[in-house]
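Input: a single structure, listed below in structure tokens.
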Amino acid sequence: MHLPNPAPIDAQAVLAWYDRHARDLPWRVSPADRARGIRPDPYRVWLSEVMLQQTTVAAVKNYFLRFTSLWPSVFDLAAAPLDSVLKQWAGLGYYARARNLHACAQAVVRDHGGVFPMTSAGLQTLPGVGAYTSAAIAAICFEEPIAVLDGNLDRVLARYYALPVPVRVAKDELRAALQAAVPRRAGDFAQAMMDLGATICAPRTAACMLCPIQPGCLATRTLDPTIYPLKPAKADRPVRKGHAYVMVDADGDVYLQSRPANGLLGGMTEVPGSAWSPELGEVAYPVAGDWKHRGQVVHVFTHFRLELEVWSALVDPDGLEDGWWAGRSALADEALPTLFRKVLAIAGVD
DNA sequence: AACGCGGGGCT
DNA sequence: AGCCCAGCGTT
């Protein structure tokens with residue numbers, strides 16, 4: 001056991017705080033409306049939760065509004081071409097989420113008549129819906145009394161218990177402690193605890209004087225509550241290098257192609273380039289042309305840092321088979337991840 | 001259990 | 001210039 005004599009979390013204090021300070025979010029039903037019996041739309045909650053996986057509220061908001069405007073129901077999203085979904089997801093990152101999102105919408109329509117399962121166990125059978133997301137939807141939409149444990153809660157609980165080990169070591173104990181605290185209004189409690197983590201018990205700051213569970217918190221009695229959660233040693237981030245080739249034809253169109261369906265930036269759009277390796281390889285232009293070096297793009301992924309040398313040339317469009325030529329005005333609609341938008345910007349094509 | 005997988009905002 | 005995020009699927 002790693003939890004020092006766990007003092008129960010005061011769920012009623014958390015709910016009282018939430019009633020006064022709940023953030024107004026496009027996918028959320030306010031605690032006042034919830035008390036009047038208004039229930040959140042599982043489709044909108046599911047969509048928001050998938051977008052919010054490892055992604056901040058600020059980054060998600062406009063994507064959520066765009067998606068719900070284009071596809072107001074799970075039937076609309078299921079009927080959309082995957083390509084359209086990827087294009088709308090471009091820039092949000094973790095693109096497997098977009099592929100799973102589409103697969104999930106189709107599964108809900110095909111296997112469940114367009115109605116989301118109403119339990120966490122049922123929800124977790126869906127593509128892209130894991131332990132966190134299934135619990136969040138079940139609590140928020142269906143008042144299932146289940147612990148909803150995300151990165152925010154890891155931090156809040158690690159501080160509350162002054163956890164002396166990294167979170168992953170004590171994950172089960174934290175979950176049990178949170179489960180024991182789940183009150184009626186499980187959905188509001190889940191959202192309240194995540195709001196608490198996002199606003200009061202934030203990664204780099206802890207506004208303990210404003211915190212509704214400060215009385216039971218062990219970290220707030222220490223010199224610096226933000227030392228929790230204790231971090232395991234960080235792995236170093238290797239560098240990979242490569243070349244990117246931006247080809248423009250006489251009309252000013254740009255040559256694009258699709259990446260493989262799975263893996264890094266899977267299914268997204270790119271410009272041709274070399275493999276990415278620890279040492280920069282020789283330049284190998286796809287076709288003849290007046291190639292010029294336009295600069296370097298640095299892009300940081302989760303597990304490596306990429307340095308791309310960007311080349312561009314005016315070329316003859318014949319002899320290129322795998323991709324397509326995109327007009328400049330159409331680039332905004334392509335499924336280009338941020339990396340390749342940087343490449344095009346350096347090449348002066350944007 | 002460990003790893004692969006984006007991008008942006010905050011400090 | 002790091003650090004962290006409303007995690008999931010694969011191995």
Side-chain angles (χ1 to χ4, degrees), chain A residues 22-23 25-28 40 44-64 86 89-101 103-104 123-140 147-156 158 166-169 171-172 187 189-199 201-206 226-229 231-238 240 259-268 270 276 297-306 335-342:
Chain A
R23 290 181 291 175
L25 302 172
W27 48 85
R28 174 174 285 179
R44 292 168 62 86
V45 172
W46 161 73
L47 178 60
S48 71
E49 292 298 346
V50 173
M51 288 183 165
L52 286 162
Q53 289 165 8
Q54 299 296 101
T55 309
T56 57
V57 167
V60 162
K61 263 187 180 169
N62 286 337
Y63 281 88
F64 177 83
L86 290 178
W89 198 275
L92 200 53
Y94 282 140
Y95 297 97
R97 291 187 297 172
R99 302 192 294 274
N100 284 329
L101 185 84
C104 182
L123 288 159
Q124 203 168 339
T125 67
L126 297 169
V129 178
Y132 162 74
T133 304
S134 60
I137 298 171
I140 294 169
V148 181
L149 198 52
D150 72 339
N152 280 318
L153 268 292
D154 287 347
R155 179 177 59 256
V156 172
V167 165
R168 72 176 152 70
V169 177
K171 191 85 173 180
D172 292 344
F189 179 68
Q191 294 174 95
M193 289 299 291
M194 291 188 280
D195 270 17
L196 184 63
T199 60
C201 200
R204 310 208 183 238
T205 58
T226 64
I227 67 167
Y228 303 99
K231 299 297 176 212
K234 64 173 166 119
D236 56 340
R237 187 158 14 219
R240 294 189 201 173
R259 294 178 60 81
N262 297 305
L264 183 69
L265 306 176
M268 302 298 286
E270 66 173 1
W276 304 339
V297 162
V298 176
H299 193 77
V300 180
F301 292 93
T302 309
H303 51 300
F304 65 95
R305 167 193 170 94
L306 178 64
L336 284 162
T338 298
L339 166 63
F340 293 106
R341 295 195 184 273
K342 288 185 191 174

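Each chain gets a letter, A, B and so on, in the order its sequence line appears, and its residues count up from 1. What you see is a predicted model; the values in this text were computed from it and never measured.
- Applying the side-chain contact (heavy atoms from CB on, under 4.5 Å) rule to A:Ala59 yields the partners A:Thr55, A:Thr56; only residues at least two apart in sequence or on another chain are considered.
- Under 3.5 Å, the side chain of A:Tyr94 and the base of B:dG6 form at least one donor-acceptor pair of N or O atoms.
- Here, B:dC10 and C:dA6 have their P atoms 12 Å apart, quoted to the whole Å.
- Between C:dC4 and A:Lys231, a contact under 4.0 Å exists linking OP1 or OP2 to a side-chain N or O.
- Nucleic acid contact class of A:Val129 (heavy atoms, under 4.0 Å, all strands): sugar-phosphate only.
- The nearest whole Å value for the distance from the CG atom in A:Asn152 to the P atom in C:dC3 is 19 Å.
- Among residues two or more places apart in sequence or in another chain, the side-chain contact (heavy atoms from CB on, under 4.5 Å) test is passed with A:Ile227 by A:Asp224.
- Of the side-chain N and O atoms in A:Ser48, none sit less than 4.0 angstrom from OP1 or OP2 of C:dA6.
- Minimum atom distance to the side chain of A:Phe301 is reached by B:dG7, of the listed B:dG7, C:dA6, C:dC8.
- For the C1' atoms, the distance linking B:dG6 with C:dC5 amounts to 12 Å, nearest Å.
- In this structure, A:Ala131 reaches the sugar-phosphate backbone alone: every heavy-atom distance under 4.0 Å involves primed, P, OP1 or OP2 atoms, never a base.
- Put simply, A:Gln54 has no side-chain N or O that comes within less than 4.0 Å of OP1 or OP2 on C:dC5.
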Go through the steps to decide whether A:Leu149 and A:Lys171 satisfy the test side chain to side chain contact (heavy atoms under 4.5 Å, CB included), and finish with yes or no.
CA-CA 9 Å; A:Leu149 198 52; A:Lys171 191 85 173 180; 4.1 Å; yes

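- In this structure, A:Gly91 reaches the sugar-phosphate backbone alone: every heavy-atom distance under 4.0 Å involves primed, P, OP1 or OP2 atoms, never a base.
- For A:Phe301 and A:His299, the gap between ring centers is short of 6.0 Å.
- A:Arg97 has no side-chain polar atom (N or O) that falls below the 4.0 Å cut-off from OP1 or OP2 of C:dG9.
- Mapping A:Gly128 and A:Thr302 onto DNA chain C by nearest heavy atom places A:Thr302 at the nucleotide closer to the 5' end.
- The aromatic rings of A:Phe64 and A:Trp27 lie perpendicular to each other, with more than 60° between the two planes, well past the 30° mark.
- Among the protein residues, A:Thr55 comes within range of the nucleic acid bases, having at least one heavy atom under 4.0 Å from a base atom.
- Phosphate proximity of B:dG4 to A:His303: absent, as no side-chain N or O sits under 4.0 Å from OP1 or OP2.
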Please list, for nucleotides 9-11 of chain B, all pairs of protein and nucleotide N/O atoms separated by less than 3.5 Å.
none

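- Toward the 5′ end of DNA chain C lies the nearest nucleotide of A:Leu25, the other residue of the pair A:Leu25 and A:Asn100 mapping further downstream.
- Side-chain proximity of A:Arg168 to B:dA2, B:dG6, C:dC4: nearest is B:dA2.
- Here CG of A:Leu265 is found 6.5 Å from OH of A:Tyr95. Values are rounded to the nearest 0.5 Å.
- On the C1' atoms, B:dC5 is 15 Å away from C:dC4, given to the nearest whole Å.
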